[in-house]
Q: 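Could you have a look at this structure, given as structure tokens, before my questions?
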Amino acid sequence: AQSVTQLDSHVSVSEGTPVLLRCNYSSSYSPSLFWYVQHPNKGLQLLLKYTSAATLVKGINGFEAEFKKSETSFHLTKPSAHMSDAAEYFCVVSVLPNAGNNRKLIWGLGTSLAVNP
Amino acid sequence: NAGVMQNPRHLVRRRGQEARLRCSPMKGHSHVYWYRQLPEEGLKFMVYLQKENIIDESGMPKERFSAEFPKEGPSILRIQQVVRGDSAAYFCASSPRGGQIGFGEQFFGPGTRLTVL
């Protein structure tokens with residue numbers, strides 16, 4: 001069965017320090033993987049996506065993620081946190097549940113990132 | 001270019017009433033997806049529609065829930081005879097293309113938060 005596990009429900013960092021949000025996935029097929037961000041009272045915004053090209057994916061706002069097949073991981077990182085990064089982050093895997101063309105998005109439960117001054 | 005619009009942003013209903021949630025996709029997008037986010041859970045896929053067609057409703061509860069995306073006007077998610085368990089955030093997303101690619105190009109609205117008293 002396909003699944004996504006975000007290993008931390010809450011992460012707190014100081015402004016200017018690195019950010020690491022961890023995500024592990026389980027998929028029988030070659031997955032497509034995404035990170036979305038949700039700021040308070042706003043919609044979900046795509047940060048970056050992996051679709052079987054380069055394993056290191058660069059996204060918006062200085063975020064990047066590395067696909068590691070051997071570890072079934074897709075951790076999100078940023079070298080230096082900014083106050084505006086405080087938000088909820090979701091790791092998502094796109095899977096083909098059957099022989100049809102309709103992929104499904106399987107969502108993690110989210111990681112709440114707090115950035116302290 | 002306005003993003004995905006959802007209204008209302010907050011909706012309060014009493015048990016047994018009907019709830020209608022509206023979603024206007026981004027200009028030029030003809031594919032719409034509805035998701036539900038229950039408290040303390042990740043987003044769950046509900047239904048995928050194109051103009052005048054339901055493509056995939058495998059995530060929709062069998063009773064009381066329906067969705068449409070008419071030729072003109074917004075997509076509507078309708079919940080009849082609401083119960084407390086329907087209280088959740090409902091997100092709509094749109095994409096310019098469908099199928100496998102479409103699931104990787106979704107743009108999300110801000111969501112409608114439904115509270116059932």
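Order of the sequence lines sets the chain letters (A, B, ...), proteins ahead of strands, with each chain counted from 1. All values below come from the heavy atoms of this structure, side chains included, with hydrogens, waters and symmetry mates left out. Just so we're clear, the structure is a prediction, and the values are computed from it rather than from any experiment.
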Q: Nearest 0.5 Å, please: how far is CD1 in A:Ile106 from CG in B:Leu43?
A: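 So the CG of B:Leu43 and the CD1 of A:Ile106 are separated by 11.5 Å.
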Q: Please say yes or no: joined through hydrophobic side-chain contacts below 4.5 Å, possibly via intermediate residues, are A:Trp107 and B:Leu77 part of one cluster?
A: no
Q: Is there a path of hydrophobic side-chain contacts, each under 4.5 Å between heavy atoms of I/L/V/M/F/W/Y residues, joining B:Leu11 to B:Ile76?
A: no
Q: Does CE in B:Met60 sit with more than 12 non-hydrogen atoms of other residues, nucleotides or ligands closer than 6.0 Å?
A: yes
Q: If I compare all heavy atoms of A:Phe90 with all of B:Gln37, which pair ends up nearest, and what's the gap?
A: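 Looking at all heavy atoms of both residues, the shortest contact is CZ-NE2, 3.5 Å.
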Q: Is it the side chain or the backbone of A:Gln38 that comes within 4.5 Å of chain B heavy atoms, both, or neither?
A: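 A:Gln38 touches chain B through side-chain heavy atoms alone.
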Q: Test side-chain contact (heavy atoms from CB on, under 4.5 Å) on B:Gln106 and A:Leu46; report intermediate values, then the result.
A: CA-CA 8 Å; B:Gln106 295 185 30; A:Leu46 179 65; over 6 Å; no
Q: Going by heavy atoms in the side chains, are B:Tyr35 and A:Leu105 under 4.5 Å from each other?
A: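 A side-chain contact under 4.5 Å exists here.
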Q: Under 4.5 Å between side-chain heavy atoms, counting indirect links through other Ile/Leu/Val/Met/Phe/Trp/Tyr residues: same cluster for A:Ile60 and A:Met83 or not?
A: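 Cluster IDs for A:Ile60 and A:Met83 match.
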Q: Atom CD of residue position B:Gln81 - does it have more than 12 heavy atoms of other residues, nucleotides or ligands inside 6.0 Å?
A: no
Q: When clusters are formed by joining ILVMFWY residues with side-chain heavy atoms under 4.5 Å apart, either directly or through shared neighbours, do B:Leu114 and B:Val32 land in the same one?
A: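 In one cluster: yes.
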Q: Give the minimum heavy-atom separation between A:Leu44 and B:Phe108, together with the two atoms involved.
A: O-CB, 3.4 Å
Q: Can you tell which of B:Gln6, B:Arg9, B:Lys44 has the highest number of heavy-atom pairs within less than 4.5 Å of chain A?
A: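 Top count of heavy-atom pairs under 4.5 Å with chain A: B:Arg9.
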